[in-house]
Amino acid sequence: MDKPFAITLDPGSSLANRTGSWRTERPVYVDRLPPCNNACPAGEDIQGWLYHAESGDYEAAWRHLTRDNPFPAIMGRVCYHSCETACNRGRLDEAVGINAVERFLGDEAIRRGWQFAKPETETGKHVLIVGAGPAGMSAAYHLRRSGHRVTVHEAGPLLGGMMRFGIPKYRLPRDVLDAEMRRVIDMGVEVVLNSKVGNLLATMQDGRFDAAFLAVGAHIGKRASIPAGTVARILDAVSVLRSMEGEEKPLLGRRVVVYGGGNTAIDVARTARRMGAEPIIVYRRTRDKMPAHDLEVEEALQEGVMIKWLSTIRQAGESSITVEKMVLDESGFPQPTGEFETLEADSVVLALGQDVDLGLLDGVPGLEFVDGVVKVDGQMMTGHPGVFAGGDMVPTDRNITVGVGHGKKAARHIDAWLRGTTYVAPPKHPLATFERLNTWYYSDAPQTVRPVLDIIRRQSTFEEVQGGLDETNALFEARRCLSCGNCFECDNCYGVCPDNAVIKLGPGQRFEINYDYCKGCGLCAAECPCGAIDMVPEDG
Amino acid sequence: MSFQPVKFYQTGTFTVGNRLLAPEQRSVQAATSRRNSLNSGHRACQGCGEALGARYAIDAAMEATGNRMVVVNATGCLEVFSTPYPETSWQIPWIHSLFGNAPAVATGVAAALKVKRLKGLLGDVRVVAQGGDGGTTDIGFGCLSGMFERNDDVFYICYDNGGYMNTGVQRSSATPPAARTATTEAVGPTPGHAFGQGKFVPAIAMAHDIPYVATATVADLRDLEYKVRKAMTFRGARYLHILVPCPLGWGAASKDTLRIARLAKETGVFPVFEAESGELTGSSKIRHVLPVEEYLRPQKRFAHLFGPKPDVAAIARLQALANRNIRKYRLLDEEAL
Ligand SMILES: Cc1cc2nc3c(=O)[nH]c(=O)nc-3n(C[C@H](O)[C@H](O)[C@H](O)COP(=O)(O)OP(=O)(O)OC[C@H]3O[C@@H](n4cnc5c(N)ncnc54)[C@H](O)[C@@H]3O)c2cc1C
Ligand SMILES: Cc1ncc(C[n+]2csc(CCOP(=O)(O)OP(=O)(O)O)c2C)c(N)n1
Ligand code: SF4
Ligand code: SF4
Ligand SMILES: [Mg+2]
């Protein structure tokens with residue numbers, strides 16, 4: 001071959017030199033559990049649905065979300081969003097407004113009429129659900145998706161449980177609740193309203209049900225022993241809120257004393273305020289000890305609800321009550337002081353928590369009870385085979401999202417039980433911690449603030465207090481997500497490798513390491529924004 | 001006007017790629033079709049900033065010229081680790097001659113290509129020359145200055161790793177003050193490289209009034225690509241000075257190459273700017289300004305400044321130099337001041 005002067009060899013490629021042999025550590029792609037997903041009681045794949053929302057594909061986002069939770073418009077209003085408390089972005093600037101985006105998706109779905117698919121095949125199994133609250137309706141949805149016939153028996157005249165008969169309209173407009181309930185019914189779920197199940201086994205036998213999921217909630221207002229004159233008007237909060245849904249509004253008078261410190265107390269007081277009353281909450285401890293959520297306490301105060309801290313009611317008379325001042329002892333427990341005060345009161349509303357009406361379980365063998373609720377095992381099954389339970393009637397944190405999560409979990413186990421198998425949840429990835437992120441790569445972007453209704457209308461009407469995001473700021477908010485612990489294809493590893501040892505597989509396919517040339521420098525792992533690459537020692 | 005970063009879309013233009021950006025807003029390095037001018041199998045150390053910077057720059061230049069260009073390389077790591085005869089990692093037309101003559105060779109190549117073009121033998125083929133800081137700011141400096149003052153049609157890229165790394169980390173005129181090298185040991189009353197020595201070639205390039213002078217770091221890909229692309233829009237002499245950390249010579253972990261380059265910019269130690277015809281036209285603003293310690297600490301070449309009795313005087317002098325850069329090159333956002 002003809003070669004230029006002094007050249008004896010053809011040019012070769014350095015590809016002949018396998019620099020992978022230099023490596024002492026190898027980069028490995030991993031998936032981690034985002035803290036938001038980990039915190040969601042309904043087990044939503046928040047990061048997964050935000051990913052679709054980020055690209056403006058709201059329908060894909062909504063479909064992804066509703067794989068786990070069929071009620072995003074409700075969630076986006078009343079969920080206590082522990083996801084945001086856990087969100088890693090909170091340590092960078094402010095948490096991602098997950099709940100606000102969820103509401104946007106839920107509202108968008110209602111506006112555009114998105115529906116759930118009906119199951120493609122029917123299993124022929126029939127499941128009874130008792131109670132149409134969040135737990136019952138979530139189970140109905142998931143069981144129906146798996147092809148089971150589902151019949152819901154509901155004691156009340158309408159669907160929703162406490163979401164309708166507890167939570168006031170100004171926090172959850174009823175058209176939103178109706179739309180998300182109806183969508184589940186439209187999948188072919190049967191509902192029997194005004195049908196209180198009095199004897200579970202009889203109902204199961206009559207309907208020839210193969211399994212049952214109980215979600216009757218906790219509706220019996222707890223009483224306190226307050227010595228009261230015969231004329232004193234003492235009501236319980238749940239009944240007051242329930243009657244707000246009917247024709248006859250409760251007669252509370254002008255000076256309404258609410259006794260208790262939970263969210264129910266706040267809801268009753270704010271409701272009374274909207275009916276023209278001057279409510280005052282009497283609570284035994286201090287604000288920081290109050291179980292009600294701080295935002296709701298704040299909103300109540302803004303609307304003119306008064307709160308009397310460190311006080312208990314000792315006596316209720318015809319038009320006044322006597323309260324005793326309390327002090328907190330070292331263990332934070334309130335102790336009486338012997339100092340008394342009189343407050344004018346046309347009525348006293350007790351918001352001291354609820355008990356479960358377990359009447360329907362009389363005579364069901366095998367059940368176990370703790371503190372007035374039904375015990376269930378890790379599969380949400382009670383001591384009676386084939387009878388599962390969830391929501392407020394089992395030992396748990398009482399909120400809607402927990403109920404929805406129970407409904408989903410129970411549905412999985414019921415489905416397996418009906419098929420004669422057991423459902424084993426896939427193992428969880430280790431947590432995607434903040435320390436694993438390289439936050440340099442994220443744009444600076446503070447959280448979007450949701451609009452709030454003006455104060456005058458908040459004091460006189462039941463219009464919704466908190467507004468939603470519009471499309472632009474929902475998109476912005478979704479894009480604040482850091483995608484903690486899971487590759488979002490930012491191409492950093494592909495770019496920063498000095499050895500071209502990262503192979504880009506194309507959209508949705510992520511990346512692969514070419515170990516023939518990877519020297520193990522660790523740059524890809526260090527520069528991965530979301531911490532999705534581990535450096536693992538080579539053996540030997 | 002400097003590079004205009006996209007501020008949002010989750011990671012904006014901070015990351016190499018971003019699926020949320022329009023295709024024309026994406027980087028050359030994000031594309032599977034990128035040239036990979038400097039291919040795998042090269043013998044650069046783990047985490048070499050120079051190898052990465054060279055691929056970033058040359059891939060961008062190849063893209064800008066439609067692959068019609070020749071690269072002239074000075075002696076140094078970049079040449080030695082890429083091209084041990086008869087192997088090469090370069091997937092481009094590439095020539096190496098000597099340590100100190102790359103600018104002159106490039107001038108010659110440009111002249112030859114021009115003649116060929118005028119004779120109709122060849123279309124427009126551009127010339128890029130590149131070398132380390134030793135090859136550029138020391139031994140090749142005479143040739144470089146000549147190429148500048150004649151305004152030859154060459155784009156020269158200097159990869160600054162602050163020393164003669166290929167021959168064992170000797171001091172160059174781009175070694176920063178106080179840095180320990182094999183020839184500026186950490187001994188005596190003022191350990192490490194002396195203060196008041198060395199030179200900043202981008203400023204000298206500007207003094208030649210050539211069409212385009214810019215600096216960049218390997219940590220900011222989008223800015224670097226923008227500057228290469230912009231340089232290729234000019235005719236005449238152009239100069240790009242890229243800061244490329246050297247894990248070996250700086251005594252830093254291989255995984256920290258980009259972090260350290262980023263810190264050089266964020267502390268003001270290394271000013272990132274561009275200039276046309278001798279005038280400053282834009283600077284990359286510091287995002288979260290940091291004290292110089294943040295930059296110095298992870299590097300063993302500055303270890304003697306810390307220890308049980310930190311050399312606060314030397315650190316203060318380095319901070320003063322950074323502050324001067326911040327003023328001189330307007331590295332802070334006016335609003336932030
Ligand atoms: C005032 C108030 C405000 C609240 N606000 C919030 C909030 O903002 N966010 C939040 O997450 N949680 C909130 N909660 C808690 C939340 O409402 C409950 O935890 C949740 O609704 C429990 O769901 P569930 O499905 O277990 O029961 P429920 O929602 O109580 O539903 C039970 C259903 O079963 C029916 N039922 C009962 N017995 C029978 C029977 N024998 N036969 C047939 N049907 C029967 C009932 O009529 C009811 O419809 C609030 C609670 C109250 C009281
Ligand atoms: C005339 C001449 N003197 C000395 C050398 C030895 N030599 C080869 S590379 C090099 C240092 C290169 O330093 P720099 O240009 O900064 O590149 P780096 O290796 O740091 O990337 C030296 C001194 C040589 N090749 N030619
Ligand atoms: S940043 Fe995104 S993935 Fe990370 S915790 Fe927050 S919402 Fe979840
Ligand atoms: S950047 Fe490249 S060489 Fe370094 S560890 Fe990652 S794949 Fe390997
Ligand atoms: Mg050098």
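Just so it is clear: chains get the letters A, B, ... in the order the sequence lines come, proteins before strands, and each one is counted from 1. Every heavy atom of this structure was used, including side-chain atoms; hydrogens, water molecules and symmetry mates were not.
Highest contact tally toward chain B, considering only A:Ala16, A:Cys518, A:Cys481, is held by A:Cys481 [criterion: heavy-atom pairs under 4.5 Å]. Ranking A:Gly520, A:Ser483, A:Cys497, A:Ala478 against chain B, the residue ahead of the rest is A:Cys497, based on heavy-atom pairs under 4.5 Å. Taking chain B as the reference chain and counting heavy-atom pairs below 4.5 Å, the highest number among A:Tyr51, A:Tyr517, A:Tyr442 is found for A:Tyr51. Comparing B:Gln29, B:Arg26, B:Glu50, B:Gln91 by how many heavy-atom pairs each has under 4.5 Å with chain A, the most go to B:Gln29. In terms of heavy-atom pairs under 4.5 angstrom with chain A, the leader among B:Ser27, B:Ala31, B:Ala51 is B:Ala31.
In this structure, B:Asn39 contributes its side chain and A:Ser14 its backbone to no donor-acceptor pair below 3.5 Å. Under the 3.5 Å distance criterion, the side-chain polar atoms of B:Lys255 are left unmatched by any main-chain donor or acceptor of A:Ala525.
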* Does the side chain to side chain contact (heavy atoms under 4.5 Å, CB included) test come out yes or no for B:Asn18 and A:Cys490, once each step is laid out? -> CA-CA 5 Å; B:Asn18 185 335; A:Cys490 73; over 6 Å; no
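Ion pairing of B:Arg262 with A:Glu527 is present here, as a side-chain N (NZ or NE/NH1/NH2) and a carboxylate O approach within less than 4.0 Å. B:Arg19 has a carboxylate O that lies under 4.0 Å from a charged side-chain N of A:Glu54, or vice versa, which qualifies the two as a salt bridge.
A:Ile7 has its side chain within reach of B:Tyr85: a pair of non-hydrogen atoms, C-beta onward, lies under 4.5 Å apart.
Seen from the ring of A:Trp440, B:Arg259 does not count as a face-on cation partner, given the 6.0 Å and 45° thresholds.
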